[in-house]
Structure formats: C-alpha cells, structure tokens
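What follows is a single structure, written as structure tokens, with notes after it.
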Amino acid sequence: MENREFARLLEETADLMEIAGDDGFRIRSYRNAAAAIAGTPARVEEMLRNPERKVTEIPGVGKGIAAVLGEIAERGSFERRDELLRKYPPGALEMLKIQGLGPKSLAVLFSHFELKTIDDLEKLCQEHKLQDLPRMGAKLEEKVLRSIAQYRKSAGRFLLSYGARVAAELTAYLGEKAGARQVTAAGSYRRGRETIGDLDLLATGVGAREALDALAGHPSVTEVLGKGENKASVKYGGEGLQVDLRALPEESFGAALQYFTGSKEHNVALRGRAQRMGLTLNEYGLARVEDGVRVAGATEEEIYAALGLAWIPPELRENQGEIEAAASGGLPKLIEVGDVRGDVHMHTRETDGRATLEEMAAAGRAMGYEYIAITDHSKALAMANGLDEKRVVAFARRVRKMGPELGIRVFSGLECDIRKDGVMDIEEDALAELDLVIASVHSHFSLEPAAMTERILRAMESPSVRILGHPTGRVLLHRDAYAYEFERVVKEAVRRGVMLEINASPERLDLHAPLIRLAKALGARFVISTDAHDPKHLANIRFGVQMARRGWLEARDVINTQGVEEFQKAIQKS
DNA sequence: GCCGTTTTCGGCCCGACTGTTTTCAGTCG
C-alpha cells in the first residue's frame, strides 16, 4: 500500500471525527500524521515490516497512530474508522466538501433526517427543511444548493498534478515490469488541461502487449474495467482515476498519439482539412482517399507536415486558431520550463510555509534559478500568522543583510491581502521597504462584480503593488473564480505596469488559458510563480508554464524569464 | 494523539465574517 493511501484513510477518519465531535487536537494529530506520511519518502509499509525501523521515526507519528498504521497494513482499515463508518452514511465525507456545511451542521442534520447522499441533501434544501433547524435559514439553503451544483460539475475530475504523478508512476512501472520502452501519456493530460477526466497512455514497440497485463496487475489498480488484445482500462488508486492503456504498432504511433491527444475539436478541424486535401486521417494513419495509400503515421510531425502544417504543440490543440497559424507559419514560439530564471512567489515558516528562508533559497538554487522572491502573507490572514508592519520591515532588513550568504539573489517581498474595500492590508510606508509586493484577494469572494472590480482597481493604486496574485481566485474542483470586469482591471494593470500572475499551484492554475490570451491581447505582462509553501513545490513551475503555453505566451511575455537585472527593473515602483 | 520536557502533563493557530440570532455558533481560510 502506498503512503498516500495510508494518509487518505487517516485524513478521511479525521473528517468523520469532526462530525462525531471528537477532541479537536486529536483530530489535528491525525491530520498532521497524514500530511507527514504523505510527504515521507520512505514507504510506511516497508517500515512496518522492517524490525530495524519504526514508523514513529516519522514526526507526527506516535504510539497511537503507529498502531493504527499497523492495523491498516493488516486489513485495510482500523477500529475507529469502522466505527465511524457504521455511524455515518457513506455520503458524509462528500457532504463535508459542500460549502456552508461543516461538521457541526452535518451532525445536526444526521440526527434529524435520514440523510444518505448528496441527492438527499439537495432535496432537503429544495423542500426548505433546513429552516426548521436551529441556526439554519433560507440563505444557507441557497448556498448549499449552489455548492452542490459546483460539486457535481467537478466530480470525477482530477488535478493535472495528480495525472502527472500517476503518469510518471505508471510509465516507470510498465517499463520495469513489462519492459515497455515507449509509454507516452496522451489526452487532456498531454494538452496540459488544468483538470483531467481520465488518463490515456500509449505503449508501442517492445513490451507493449505485456504492458496491458502489467497494468491490470498493478497493486494500486482497484478494478479492471476491461482488457483485450490492444487495450486495457482500469480504475486506479483510492479516488478511482480511470486509466486507459493502448498497445500500438510502431508505424501507427504518431497517428495514435495525435488522435488520442485531441482535443476533439482540434481533431475534427484537422480531419476536415485532410478531407479537403483528398486525405483521410484516423488513429492508424493518414492515407489518400483515392487509393488508400498511407502517407504518414509513425510520427506526429510527418502527419502535420503532410497536411501542410507545422507541428502544433499539444497545449495549443483546442481549435482556437492554431491550425490557421500552423498553416501560415504564425505559431508562437512557446515559453518553456527552462526559460524561467526565478520564482517570485513563495512562503516560509515566517507565516504558513513549511521551510525557512535559507531552505527555500537552497531549493531555488537547486532549480537553477538566478533569483527568488520570498512573499509571505500579511496580517489579514490570521490563520497563516500573517505579518504586520513591524514584522514586514524587520523581514526586509533581514533579507538585505543576509543576502550574500544565500548564494542566490533573494528579493524581499510580501503577498499582501487586498481588504474588502480595496485598501492594502499593510501601510504604504512599510510596503515601500520591500522589493516586491504581490496583491491578492483572500476573502469576500462573493462581492458584487462592480464592487469587486472597484476593490481590485483600488488595490492597484498602491505604488508598491507590482503583481496581481492568482487573479481570479479560483480553486480547482472547489471554488469558482470571483466575478469582476476582467478587461477593465487588465487595462489598468497595463497602464500601471502591474504584472499578472500565472499561479502554478496545481490547485489554482490561475490565470487560465482564455484569460491569458485575452490579457496578452490587451498588452499585459506576466509572471509565472508557484506560491510554494514547501521546497518541493518549486517543481510545480512546470504546470504554470503549461498554462502559459495554453495561453500562447512566449518567453518574452513572462518577466521572470529575464535575468536578475531586467527583472529588478520591471519591479521598480511606479 | 503528539510533543517535549519543567519526565508525566499542558499546550497544541486564531481572527473575521455570516447568518442566525437577540448575543453567538459555525464556517472559512
């Protein structure tokens, strides 16, 4: 069993314990342990078997959790979890994801109604049954109904980062187990969509057939949906991501990769073009209609070339003008991960990060960067122990003083909250001490669009603000973007030289492609940054770069592809 | 339930807002 699975069971039990009203600190211990286990490189299962090692070596795991882990390894669950699962319906965990309903409210609901599924909950709200209960009213019912709709929209989808993890794991596994030399991920994952519905893998050459059996036998596969000569479909992991693996002859690899990468719209347009040229395109190759002779299929490049097109990067394949651009030599030279020379949004232990300034600097060096910016939270985020004016100034001084020892240029920064009325959360004279201020919205997401627009415009009036952080505030699969007049804000940002962040955190990926393209057309400049709360998050930059590519950006559109001096010029105060 | 030690138990992140109240519990971040 993978560490993630142990962590998931602990986390899930902690959720149920909240409904049961267990001691809050005990619940937090479960959550801490889950986080520690998920982040531990050593395998828990291994540690449990090895008499030389103890799981209590993992910080956050003591005697109690160690016993729980042992029980999980033995039979896949543990006593307290079973007990809670008997007490609460299976839908309880889902219901906790509905906004507006926390553990306390759910406990009340469960004690009053026969409530098993989200559907039941929806019905209760529609029939206005919640209003009969203490401290629940019409507004809550509306909020819950809205949230249920949002939840349904996102059900069955997975973050791009999860797809990346599974793709990497399975590619390595299939190479090892079946000797499959060439396993490639296609589909929306390859196009870099921010969420994926399933994972499409293609295997070709030596070991491709064997890979089908190997996949079906993978320890994390919970269900084999189907397996034949050429294709296997499975459910993978606790969350049940569907993985499809296809075994292909080498001569069709390019055609299959093209076909299964999509998007559907791109492929329809491409097939239309082929038809007009007297050709026909399918997953096996490109052939002449008149005599059926194959003209291409082994690689994507030869297929696009035979259609009179430059090879189109997967991120652009949405039928949004890329085919026309490829025909006329007008494709952009998309930004690449290697172009990024500094990460300019990250947190440390000073607020809610997990590492020190020194550790983040070392991680930045390891990424090969020339510079980083440390941008901890401001005081409005009390939960994150945000900085007040005094700590802001002290921090800026500290960075200036120790700068040379860190071995990488470190800009002193701040991710400063934009308050409800648009006023910055930190006084201007304290902000002025810093090299770089990111302005971000972290509260009052449901303001009227007009008020939200004014709020952001007002924040940009601060001469210290250089970057608008995660500009739409969406949290993937969880919360929609807040509504405001995007174009107006972008125009003002352009006028003031404020850059727009492309936040590479896998839960956000904000801005997304259509808005990036729109903003670029309006003259905006961008930074791509990870919002890292841990050194290992710096690697998420690839997802941000992929978003930028989907938005047709070139390196020159993204300011942190510039060297340290150019970047410094760009962040000079207006 | 974990941790750290003042070695046997006390501390563990907390402020703002919302919708419901008529003084505050629950949720969120």
Side-chain angles (χ1 to χ4, degrees), chain A residues 7 9-11 13-37 40 54-71 78-81 84 95-109 125 128 130-147 150 347 349-354 376-388 391 415 417-421 423 425 440-447 451 469-470 473-475 478-479 482 505 507-508 531 533:
Chain A
L9 293 177
L10 291 179
E11 192 64 46
T13 306
D15 282 345
L16 292 170
M17 286 162 75
E18 295 222 52
I19 300 176
D22 282 12
D23 172 62
F25 292 117
R26 175 174 300 179
I27 293 166
R28 213 165 75 201
S29 295
Y30 273 74
R31 294 198 196 283
N32 284 342
I37 286 165
T40 296
K54 288 202 166 74
V55 280
T56 49
E57 289 165 22
I58 303 171
V61 176
K63 273 166 92 178
I65 303 268
V68 163
L69 293 175
E71 209 179 334
F78 56 100
E79 180 52 38
R80 183 71 182 127
R81 175 167 180 271
L84 289 161
M95 288 183 217
L96 270 177
K97 294 185 185 145
I98 302 300
Q99 295 195 312
L101 290 183
K104 296 282 160 57
S105 310
L106 281 178
V108 171
L109 288 178
C125 291
H128 305 297
L130 264 55
Q131 298 190 28
D132 304 335
L133 298 174
R135 295 197 159 272
M136 295 191 193
K139 289 231 175 141
L140 181 69
E141 286 172 343
E142 280 169 36
K143 184 173 186 175
V144 170
L145 285 173
R146 273 200 312 275
S147 180
Q150 156 83 22
H347 299 267
R349 243 184 251 169
E350 194 68 20
T351 59
D352 62 348
R354 282 199 282 276
D376 269 309
H377 289 291
S378 66
K379 61 180 186 283
L381 270 192
M383 152 234 197
N385 185 26
L387 307 178
D388 59 15
R391 287 171 67 204
E415 184 184 16
D417 262 52
I418 302 172
R419 294 204 290 230
K420 185 180 181 182
D421 56 3
V423 173
D425 185 38
S440 297
V441 167
H442 287 130
S443 61
H444 301 100
F445 302 116
S446 39
L447 288 186
H470 41 74
R474 73 170 180 180
V475 179
H478 182 64
R479 188 176 75 207
Y482 36 78
S505 163
E507 293 80 27
R508 291 190 182 271
D531 203 347
H533 285 67

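In what follows, every chain begins at residue 1, and chains take the letters A, B, ... in the order their sequences are listed.
- Under 4.0 angstrom from either OP1 or OP2 of B/dT27 there lies at least one side-chain N or O belonging to A/Ser105.
- A/Asp417 contributes no side-chain N or O that, together with a main-chain N or O of A/Ser378, makes up a donor-acceptor pair within less than 3.5 Å.
- A/Arg479 comes within contact range of the sugar-phosphate backbone alone, with a heavy-atom separation under 4.0 Å but no base atom that close.
- Smallest separation of non-hydrogen atoms from A/Ala66 and A/Val55: CB-CG2, 3.6 Å.
- Of the candidates B/dT20, B/dG15, B/dG1, the closest approach to any side-chain atom of A/Ala382 belongs to B/dG15.
- The aromatic rings of A/His442 and A/His377 lie perpendicular to each other, with more than 60° between the two planes, well past the 30° mark.
- Atom CG of A/Asp425 and atom C1' of B/dA16 are 12 Å apart (whole Å).
- Residue A/Ile27 is classed as having no contact, given no heavy-atom separation below 4.0 Å to the nucleic acid.
- Using a 4.0 Å heavy-atom cutoff across all strands shown, A/Ala14 reaches no nucleic acid atom at all.
- In this structure, B/dC12 forms a base pair with B/dG1, meeting either the Watson-Crick or the G-U wobble geometry with both donor-acceptor distances under 3.5 Å.
- Contacts of A/Pro134 with the nucleic acid, taken as non-hydrogen atoms under 4.0 Å apart, are absent.
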Step-by-step side-chain contact (heavy atoms from CB on, under 4.5 Å) determination, A/Met136 to A/Val108
CA-CA 10 Å; A/Met136 295 191 193; A/Val108 171; 4.3 Å; yes
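- Counting only heavy atoms from C-beta on, A/Ile65 has its side chain closest to B/dC2 among B/dT27, B/dG19, B/dC2.
- Checking A/Lys104, A/Arg31, A/Arg28 one by one against A/Glu18, the salt bridge (charged side-chain N to carboxylate O under 4.0 Å, His left out) holds for a single residue, A/Arg31.
- Distance from the side chain of A/Lys104 is smallest for B/dG26 among the nucleotides B/dG1, B/dG19, B/dG26.
- For A/His444, the side-chain atoms get nearest to B/dT18 when compared with the rest of B/dT20, B/dT18, B/dC2.
- Nearest to the side chain of A/Lys139, among B/dT20, B/dG29, B/dC2, sits B/dT20.
- In this structure, A/Lys420 places its NZ atom 18 Å from P of B/dC28, rounding to the nearest Å.
- Both A/Asp23 and A/Pro103 lie near DNA chain B, and the one whose nearest nucleotide falls closer to the 5' end is A/Asp23.
- Comparing B/dC28, B/dT27, B/dA25 by their nearest atom to the side chain of A/Gln99 picks out B/dC28.
- Here A/Gly24 lies out of heavy-atom contact (under 4.0 Å) with every strand.
- Counting non-hydrogen atoms under 4.0 angstrom, A/Lys379 reaches nothing in the nucleic acid.
- For A/Ala380 and A/Ala384, each mapped to the nucleotide of DNA chain B holding its nearest heavy atom, the one lying further toward the 5' end belongs to A/Ala384.
- Comparing B/dG29, B/dG15, B/dC2 by their closest approach to the side chain of A/Phe445 singles out B/dG29.
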